Amino acid sequence: NIHNLSYFQSPDANPASLLYALGNLYLGNYDTHIIRSMTPGGATNCTFQGVRPHLTFGFDGQSLWSPDYGMRIIRKLHTTNCSQQSGSPYTIFSDTDQSADGNQTFAFDGTNMWIAGFYSVVVVNPTTGAIVANYPLGTGGQTAIVFDGRDMWVGLRNEPTLKRVNVNTGAVLQPIT
């Protein structure tokens, strides 16, 4: 229960990312290249080694998704046994797309994982890692994405805009400036 969280010292200096899912905290550290699965009381369940998480994680109901900072890949990780998902890592962005440099944020719509990169939002089948759609939404700087149960909302850093996106078509329904 998240309301029973207590204060505890992080096992690694400078934690960079944090996610709460399935009753556990997932704490990512870029400096140590470790993601820890921890109980809300601070005990480590297991660790993912050799992953360079940046500022955010995604969760698709079963697996943890993490950008591997500077490697231009997304890693899908088993939450039950702290291992990399078979078929992962996924190369989601091209070598010329700055999205792969760690600016990704994630949202799950119940079917697909949405990854907001620097220049576009990429929709990925979480089972196969296949790209389902790619929506360029602005001049760069997608910094936040969230699913409201019906539509995606994408925040744009380089434009003072929040865009509401239809999950079935990718059409921008309502930009808010």
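Atom set for the values below is all heavy atoms of this structure, side chains included, hydrogens, waters and symmetry mates excluded. What you see is a predicted model; the values in this text were computed from it and never measured.
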Pairs touching residues 33-42 that satisfy salt bridge (Lys or Arg N to Asp or Glu O under 4.0 Å), sequence neighbours left out: Asp12-Arg36

Any Thr39 side-chain heavy atom under 4.5 Å of Asn45 side chain: yes

Would you indicate whether the side-chain heavy atoms of Leu18 and Phe57 approach each other to under 4.5 Å? no

Within 6.0 angstrom of Gln62 CD, more than 12 heavy atoms from elsewhere: no

When you compare the side chain of Asn24 with that of Met38, does any pair of heavy atoms fall below 4.5 Å? no

Sub-4.5 Å side-chain heavy-atom contact between Leu77 and Tyr26: no

Taking the side chain as everything from C-beta on, heavy atoms only, tell me whether Leu64 gets closer than 4.5 Å to His78. no

Thr169 (side chain) donor-acceptor with Ala171 (main chain) under 3.5 angstrom: yes

Partners meeting salt bridge (Lys or Arg N to Asp or Glu O under 4.0 Å) with Asp109 (sequence neighbours left out): none

Partner set under side-chain hydrogen bond (donor to acceptor under 3.5 Å, both in side chains) for Thr79, not counting sequence neighbours: none

Any side-chain to backbone donor/acceptor pair from Thr128 onto Ala130? Under 3.5 Å, distance only. yes

Do Ser66 and Ile35 have side-chain heavy atoms sitting under 4.5 Å apart? yes

Verdict with reasoning, Gln49 to Ile34, per side chain to side chain contact (heavy atoms under 4.5 Å, CB included): CA-CA 5 Å; Gln49 301 282 336; Ile34 292 174; 3.7 Å; yes

Any non-hydrogen side-chain atom of Val167 less than 4.5 Å from a side-chain atom of Val165? no

For a quick check under 3.5 Å, do Asp151 and Asn166 share a side-chain donor-acceptor pair by atom type? no

Nearest 0.5 angstrom please: Ile145 CD1 to Lys163 NZ, how far? 12.5 Å

Please report the C-alpha distance between Leu19 and Phe59 in whole Å, then the side-chain angles of each, then the deciding distance to 0.1 Å, and finally whether the side chain to side chain contact (heavy atoms under 4.5 Å, CB included) criterion is met. CA-CA 8 Å; Leu19 176 81; Phe59 185 70; 3.7 Å; yes

Tell me, please, which residues at least two apart from Asp148 pass side-chain hydrogen bond (donor to acceptor under 3.5 Å, both in side chains). Trp153

For a 4.5 angstrom cut-off between non-hydrogen side-chain atoms, does Arg75 reach Trp65? no

hydrophobic_cluster_shared for Leu173 and Leu162, side chain cutoff 4.5 Å: no

Taking side chain to side chain contact (heavy atoms under 4.5 Å, CB included) as the definition, give me every residue that meets it alongside Ala133, ordered by chain and number, with sequence neighbours left out. Val123, Tyr135

For the residue pair Met113 and Ala107, what are the closest heavy atoms and their distance? SD-O, 3.5 Å

Assess the residue pair Asn125 and Asn112 against the criterion (side chain to side chain donor-acceptor pair (under 3.5 Å)); give the C-alpha distance rounded to whole Å, side-chain angles, the decisive distance to 0.1 Å, and a yes or no. CA-CA 5 Å; Asn125 177 309; Asn112 293 306; 4.8 Å; no

Any residue meeting salt bridge (Lys or Arg N to Asp or Glu O under 4.0 Å) with Arg150, in chain and number order, not counting sequence neighbours: none

